Trainee: 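Sharing a structure below in structure tokens format, with a few things to ask.
Computed from a prediction, not measured in an experiment: that's the story for all the values here. Letters A, B, ... mirror the listed sequences (proteins, then strands); counts begin at 1.
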Protein chains: 2
Amino acid sequence: MGTRRRGEELEGAILQAAAEELRRSGYAGMTMDRVAARAGTNKNAIYRRWPHRAALGIAAYRHLSDVAMPHPDTGTLRGDALEMLRKANETWSSPHGAVLRSLLAAAADDPALLDLMRERSGADTMDRAWLTMLDRAVARGEAPPTAVHPRVAATPMMLLRAEYAMRGTPSVPDETLVEIVDEVFLPLVRGRV
Amino acid sequence: MGTRRRGEELEGAILQAAAEELRRSGYAGMTMDRVAARAGTNKNAIYRRWPHRAALGIAAYRHLSDVAMPHPDTGTLRGDALEMLRKANETWSSPHGAVLRSLLAAAADDPALLDLMRERSGADTMDRAWLTMLDRAVARGEAPPTAVHPRVAATPMMLLRAEYAMRGTPSVPDETLVEIVDEVFLPLVRGRV
DNA sequence: CGTATAAGGTACGCCACGTACCCTAAAGGC
DNA sequence: GCCTTTAGGGTACGTGGCGTACCTTATACG
């Protein structure tokens, strides 16, 4: 009965199994027993590595997730912003994003988990991408230099986020994205002195 | 052994007990057994009225909650907006708001609950308050008529909401509210053609 | 006064988290 | 090449919480 997996190999199998469970049933449905069963091991091996279900959930999400950060360069601020929002909308409405949202919901009342999630969500990288976008717009003369401001840069994604929080539906319609850009983001950039 | 409570009276006691449990431990900690114990009854009486825990949670929240909608009239758009945000921040950071957020988090993966919550959250009334605020600003000549737009009206509250979602902390600092108004809302209003 | 209705009491089935123990395979030093 | 340490496997259990079942008892109402 030769092979008993160890260390690295076993850990990978557990993460893989947990990720599949996450995809299938969301975080709420990700059972420790089922993860163990699917990984062909038992709960001991899991609890020796992660202190509780939530930690495993986050680790698994991280394992299946290496979201590429888009760096659009369409030539106009409007085009860049729309592209960013569309990519984000795509990601969040994918099964992948469902997992993320399910984790976020579960972490909402647990500050420690929220911290972990924030680290992994790549919010900082996202903000920086929007700032360089604004930089380029300034260089083109499309926006006043004062538009390069963290709060301005963060606003569109925050609005998209809030949209998801309110609806909970699988995806935000494209018109909403356009509206965020045309009715909020661009006027905001333009209105800064 | 005289008084056995019935109907209205018992229902009130249950809701009261549930509301207290919500306040003490949030939705996640609101146990059916504890609610029953605190109300001095048993789970039968509860399940005869609400089909599951979530329904009771929402009913209890509604029971303890009649949030007064503020209608500030400070004379300037900036003052009005700040006042609205401050009141909302106060409400959401109160124990009361913690309950609401805890419920929202729990409802994030259950569409039916999300619907119920949306009804009770008074988002529509809130949007209307912001729109009339903008109307008054237009009448004073503080804002262009095009600023009266639902998306514009909803933006500050959405940003506050997203702020809560990201931090999860008890309260958003006042500087953040000022920043939302000065760096986003007012430039946005000003920038609309 | 009697009967339908609803409350009280209690126990249970189920499921999931996390823990405890004991057994066994693998890794590594001597 | 043995032998000890380490880590995985198997399994059972304690705890807690949701929702249900069933019976008993009080109360309202005709």
Side-chain angles (χ1 to χ4, degrees), chain A residues 1-18 20-22 24-61 102-103 105-110 112-113 116, chain B residues 1-18 20-22 24-61 102-103 105-110 112-113 116:
Chain A
M1 302 125 163
T3 29
R4 177 181 279 188
R5 293 163 303 177
R6 285 206 155 211
E8 201 79 353
E9 189 188 354
L10 182 56
E11 185 154 333
I14 294 173
L15 283 175
Q16 184 70 25
E20 281 164 25
E21 283 296 319
L22 271 183
R24 281 179 56 85
S25 343
Y27 177 70
M30 185 196 82
T31 296
M32 297 305 260
D33 297 76
R34 270 218 297 264
V35 170
R38 181 186 287 269
T41 180
N42 61 346
K43 289 192 289 179
N44 277 335
I46 303 180
Y47 280 104
R48 222 173 270 131
R49 290 173 169 78
W50 298 275
H52 41 241
R53 196 171 73 103
L56 174 61
I58 290 172
Y61 173 73
S102 152
L103 273 173
D109 53 349
D110 189 329
L113 292 194
L116 284 180
Chain B
M1 317 143 153
T3 28
R4 176 181 279 188
R5 292 162 305 176
R6 283 208 157 212
E8 201 77 355
E9 188 189 355
L10 181 57
E11 186 153 334
I14 294 172
L15 284 175
Q16 184 71 24
E20 282 164 23
E21 282 297 319
L22 272 183
R24 280 180 57 85
S25 344
Y27 177 70
M30 185 196 81
T31 296
M32 296 307 258
D33 298 75
R34 271 217 297 262
V35 170
R38 183 185 285 269
T41 179
N42 62 343
K43 288 192 290 178
N44 278 335
I46 303 181
Y47 279 104
R48 223 171 271 128
R49 288 173 169 78
W50 297 275
H52 40 241
R53 196 170 75 102
L56 173 62
I58 290 172
Y61 173 73
S102 153
L103 274 172
D109 53 349
D110 188 331
L113 291 192
L116 284 179

Trainee: Between atom CD in A:Glu9 and atom P in D:dA7, what is the gap in whole Å?
Mentor: 16 Å
Trainee: Which pair of heavy atoms, one from A:Leu10 and one from A:Ala45, lies closest together, and at what distance?
Mentor: CD2-CB, 4.0 Å
Trainee: Grab the two heavy atoms, one from B:His52 and one from B:Met32, that are nearest each other, plus how far apart they are.
Mentor: C-CE, 4.4 Å
Trainee: Report yes if some heavy atom in the side chain of A:Leu15 is under 4.5 Å from a heavy atom in the side chain of A:Leu56; otherwise report no.
Mentor: yes
Trainee: What is the separation between atom CG on B:Leu10 and atom C1' on C:dA6, rounded to the nearest whole Å?
Mentor: 9 Å
Trainee: Taking OP1 and OP2 of D:dG8, is either one under 4.0 Å from a side-chain nitrogen or oxygen of A:Arg49?
Mentor: yes
Trainee: Nearest whole angstrom, please: distance from the C1' of D:dG8 to the CD1 of A:Ile14.
Mentor: 10 Å
Trainee: In this structure, how many angstroms lie between the P atom of C:dC17 and the CG atom of A:Asn42, rounded?
Mentor: 14 Å
Trainee: At under 4.0 Å, does any side-chain N or O of A:Arg48 touch on OP1 or OP2 of D:dG8?
Mentor: yes
Trainee: Nucleotides 15-20 of chain D: which of its N/O atoms have a protein N/O under 3.5 Å away?
Mentor:
residue, atom, partner, partner atom, Å
D:dC18, OP1, B:Arg53, NE, 3.4
D:dC18, OP2, B:Met32, N, 3.0
D:dG19, OP2, B:Tyr47, OH, 3.1
D:dG19, OP2, B:Arg53, N, 3.0
D:dG19, N7, B:Lys43, NZ, 3.0
D:dG19, O6, B:Lys43, NZ, 2.7

Trainee: Just distance, no hydrogens or angles: give the donor-acceptor pairs under 3.5 Å from side chains in residues 24-31 of chain B, sequence neighbours left out.
Mentor:
residue, atom, partner, partner atom, Å
B:Ser25, OG, B:Glu21, O, 3.4
B:Tyr27, OH, B:Ala54, N, 3.3

Trainee: How far apart are the closest heavy atoms of B:Leu22 and B:Ala60, and which atoms are they?
Mentor: CD1-CB, 4.0 Å
Trainee: Which residues pass the side-chain contact (heavy atoms from CB on, under 4.5 Å) test with A:Gln16, sequence neighbours left out?
Mentor: A:Glu20, A:His63
